[in-house]
Amino acid sequence: MADPPIFSFFCNSIIVLSLLPLSYTADTLSSVQSIREGETLVSPGRKFELGFFSAGSSKNSCLGIWFVVSPETVVWVANRNNPLTDSNGTLKISNEGELVILNRSNSIIWSKNSTKVLGNLVAQLLDSGNLVLRECNSLESADYSWQTFDYPSNTILVGMTLGWNFKTGLESHLTS
Ligand SMILES: *[C@@H]1O[C@H](CO)[C@@H](O)[C@H](O)[C@H]1NC(C)=O
Ligand SMILES: *[C@@H]1O[C@H](CO)[C@@H](O)[C@H](O)[C@H]1NC(C)=O
Ligand SMILES: *[C@@H]1O[C@H](CO)[C@@H](O)[C@H](O)[C@H]1NC(C)=O
């Protein structure tokens, strides 16, 4: 697999990039960056987008992945069982190499352990809709330390040809 240009640029320029806001279209989150409400990752082919969203009129928000062409079709949700009660969530890679969501008071409300001890981790949203945590210098899928596709109960894309309209289901969950 050829490295996408952004990849080499990214690994070599982490410090520089950390000074940039995530407002440009990025598919990769480095260990020194974070995603807040309103900021998103977009897969290289612009198929999938990851970010915080609120369902309906709810103020609660969750981190999810949705189709770029159909944002109401959320295909994966991270903190479904522990939604944020305000719009001040942050997604980042912790010093321990976990993907974490922090609330306004910097408490971890959702986290995913790495299964492998790796070096410099990045999180990348792929065109398959898979969010992977991997070593910056490796694109090998065997080296993914964590991926949403490993969680089929949460990952509606696995084995499915149609997206799942999550909005209705989430609304009843969040307002209960
Ligand atoms: C929480 O989010 C709101 C809206 O995005 C923002 O105006 C406010 O500054 C945030 N508060 C904190 C403590 O980050
Ligand atoms: C953040 O989460 C912690 C632990 O769940 C909770 O005690 C705290 O009230 C939360 N803070 C906000 C601002 O939601
Ligand atoms: C991974 O998760 C377990 C519990 O699920 C926790 O005890 C452990 O500290 C976590 N590992 C890291 C590196 O945080």
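Counting starts at 1 for both ligands and their atoms, following the listed order.
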- Does the protein put a heavy atom under 4.0 Å from atom 9 (O) of ligand 2? no
- Task: Mind checking side-chain contact (heavy atoms from CB on, under 4.5 Å) for Lys47 and listing every partner two or more places apart, or none if nothing turns up?
- Result: Ser43, Asp127
- Item | Backbone or side-chain N or O of Ser105 under 3.5 Å from ligand 2 N or O | yes
- Can a protein heavy atom be found under 4.0 Å away from atom 5 (O) of ligand 2? no
- For atom 12 (C) of ligand 2, which candidate among Asn106, Asn88, Asn103, Leu102 holds the nearest heavy atom? Asn103
- From the list Leu91, Ile101, Thr40, side chain to side chain contact (heavy atoms under 4.5 Å, CB included) with Ile35 holds only for Leu91
- Message: Would you compute the distance between atom CZ of Arg36 and atom NZ of Lys92 and round it to the nearest 0.5 angstrom?
- Response: 9.5 Å
- Query: Between Leu121 and Ser31, does a side-chain contact (heavy atoms from CB on, under 4.5 Å) hold up when you go through it step by step?
  - Reply: CA-CA 6 Å; Leu121 290 171; Ser31 55; 5.5 Å; no
- Please name all residues satisfying side-chain contact (heavy atoms from CB on, under 4.5 Å) with Thr85, sequence neighbours left out, ordered by chain then number. Asn60
- Item | Per-atom contacts of ligand 2 with Ser107, taking only distances under 4.0 Å to non-hydrogen atoms | 1 (C), 2 (O), 3 (C), 4 (C)
